[in-house]
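Report on the structure given below.
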Amino acid sequence: MRLISSGRHHATFELGDLQVISLRDGYIDMPPTRLRDEEGRPLGELPAAVPIVGGNLRLSVNAFFVTDGTRSVLVDTGASDNWHDPTMGLIYDALDEAGIDRTHITDVAVTHNHEDHVSGLIAPDGSQAFPQLERVWIGAGDTSVFTGRLEPVRDRVVPVSERVAINNWITAVPTPGHTPGHTVYDVHGAAGHLLIWGDTVHVPTLQFDRPNVTWEFDGDQPQARAARADLLRQLAQPDHFVAGAHLDSPGIARVTPAGDGYTLEYLAPPIG
Ligand SMILES: [Zn+2]
């Protein structure tokens, strides 16, 4: 897998015959007390490798568009204006910048039902962001989110309750823990696997080195920890890559074992 080109809000990669475009929705600042140890307590002092900006951790927010030139799937949609935070909601600009016409998008797959992943289905003006939308894949445990603002797309929801192929190069894989319906999307082809893993890691400067550290918003902390351990083991295989919603934009990396944990090596320099 390799970088082809990049801009301020997007980066385009090649995975064999597939194009993977990372789309930057923005960032969100969160207090370091959200990091939890194995007893569920906030972590004490953080290693110097973890950058703190104004007292907070700064989490990138990314979505990923994958296409074979004919069929395309958008994985996650950003926060739109739903978080009431002007640092997110850039996905529409990112799509424009990447030359992707969002009015042609038919398939959206969301990793889970939190606002920074699903709210972008509805644009800030209240219209459907993807007017030709035919299917919204989401873990069956997370479908209750399609009320209120998201009600207009509910009739297109496809609940995922087991491993299922969306097409012949992307498979939905349930990985409950962060939320009951958390789902990873495995993009696969002759050139390898790209696991688009949603919120498996929130703080990349810490949780690869120390995968047992969890996040306050992991709904089931032991289950989230086990899911992360399992996915990291998979990613340590040759020709496996990760795309993370909260890895530093553009958020695509290679993972290798190191000591009791792992290291990640980004495939592209930072954007944004
Ligand atoms: Zn998230």
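All ligand and atom numbering here is 1-based and tracks the order in the structure.
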Could you pull out the atom name of the N/O/S atom in D199 that is nearest the Zn ion (ligand 1)?
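Looking at D199, the N, O or S atom with the least distance to the Zn ion (ligand 1) is OD2.
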How large, to 10°, is the angle at the Zn ion (ligand 1) when you draw lines to OD2 on D116 and to NE2 on H117?
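An angle of 90° at the metal.
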Is it the case that T67 and S72 place a side-chain donor and acceptor less than 3.5 Å from each other?
yes
Side chains of H114 and D199: any donor to acceptor distance under 3.5 Å?
no
Taking the six-membered ring where the residue is Trp, are the ring centres of H246 and H117 under 6.0 Å apart?
yes
Given the rule that I, L, V, M, F, W and Y join up when any side-chain heavy atoms are under 4.5 Å apart, are I252 and V75 in one cluster?
yes
The Zn ion (ligand 1) contact by H112, N, O or S atom under 2.8 Å:
no
